[in-house]
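Just so you know, ligand 1 is whichever comes first in the structure, and atom 1 is the first atom listed for that ligand. Worth knowing before you read on, the calculation uses all heavy atoms, side chains too, and leaves out hydrogens, waters and symmetry mates.
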Amino acid sequence: MGMKSDIKLIDDNGLRIDGRLPNQLRPIKMEVGVLKRADGSAYIEWGGNKIIAAVYGPREAYPKHIQDPNKAIVRARYNMASFSVDERKKPGPDRRSVELSKVISEALESVIFTERFPRTTIDVFIEVLQADAGTRVAGITVASLALADAGIPMKDLIVGCAAGKIDGVVVLDLNKEEDNYGEADVPMAIIPRTKEIALLQMDGDMSYEELITAMDMAMEAAQEIHRMQIEALKRKYTEIEEVE
Ligand code: ADP
């Protein structure tokens, strides 16, 4: 972000380097129930991102001293595989993944009825197999599906979506080049039904008016992504009925 360059990110027709319009999402595919051992799981392909999520719990929190007598602890762990980026990423947690795990945990907790499961943990593993910008928001979107697949009661599915600014224009869902050479990236997590914002971060900078435009764009896209989540859940559960 903010790297000065002569690379043109929007052409004379107003199109982006991958041919998208400013308010257009990258292609998204979702699948629910991809792992046998996890209580819930899901997989997402979002542009060049490939991410899998697995949920375990609610299960008794251990060691006991971490238990909260009033609610479940939501622990998301965001991890990027060493082969997920061009240059081999050093395996294991780093500052970035610790931060992302924390903000993703908080976003997911905001929709889960944690008070129904005192003294437990709900563990959410997010493994990024291929990264191309926007992994935290794609991670939230796929984790939400895995939580639903695990049967964890939530007030709504939660959706991650980013918007930002490239070549002076506010755009939806930045890809890697746009993230590298653009002016701003604003990842958000949105609760579609209530339109609440559960996560809002900003890398780079934009004006107040541009931020409002970016938030409106993400809000609209969140409704579309939410419909894809519902479709993915329906596909899994109608398949089961057919087998039976
Ligand atoms: P997000 O993936 O949520 O947009 P960032 O803005 O921190 O998070 O990262 C943008 C992109 O930069 C990532 O999706 C990934 O493609 C790339 N990236 C992040 N960390 C590394 C790393 N350690 N090595 C190489 N590329 C990375």
Closest non-hydrogen protein atom to [atom], residue and atom name please, with distance?
atom: atom 27 (C) of ligand 1; result: Val85 CG1, 3.7 Å
atom: atom 22 (C) of ligand 1; result: Met80 CE, 4.0 Å
atom: atom 6 (O) of ligand 1; result: Arg136 NH2, 3.7 Å
atom: atom 17 (C) of ligand 1; result: Lys176 CE, 3.4 Å

Return yes or no for this condition: an N or O of [X] is under 3.5 Å from an N or O of ligand 1.
X: Ala133; result: yes
X: Gly134; result: yes
X: Glu87; result: no

Is ligand 1 under 4.0 Å from a heavy atom in the side chain of [X], in the backbone, in both, or in neither?
X: Asp179; answer: side chain
X: Thr135; answer: both
X: Lys90; answer: neither

For ligand 1, which atoms, with element, lie under 4.0 Å from some heavy atom of [X]?
X: Lys89; result: 23 (N)
X: Arg96; result: 1 (P), 2 (O), 5 (P), 7 (O), 8 (O), 9 (O), 13 (C), 19 (C), 20 (N)
X: Ala131; result: 14 (O), 15 (C), 16 (O)

For residues Trp46 and Asp173, is any side-chain donor paired with an opposing acceptor at under 3.5 Å?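 On atom types as modelled, these side chains qualify, holding a pair under 3.5 Å.
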Side chains of Tyr56 and Thr121 only: does a donor on one sit below 3.5 Å from an acceptor on the other?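 Looking only at side-chain atoms, Thr121 and Tyr56 do not form any donor-acceptor pair under 3.5 Å.
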Under 4.5 Å between any side-chain heavy atoms of [X] and [Y], yes or no?
X: Pro192; Y: Asp156; value: yes
X: Ser110; Y: Ile191; value: yes
X: Tyr43; Y: Ile51; value: no

Can you see which heavy atom on [X] is nearest to which on [Y], and at what distance?
X: Phe113; Y: Met154; value: CE1-C, 3.5 Å
X: Arg75; Y: Ile66; value: NH1-CD1, 3.7 Å
X: Ala133; Y: Asn49; value: O-ND2, 2.8 Å

Between CD on residue Gln67 and OH on residue Tyr62, distance to nearest 0.5 Å: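 Here the rounded value is 10.5 Å.
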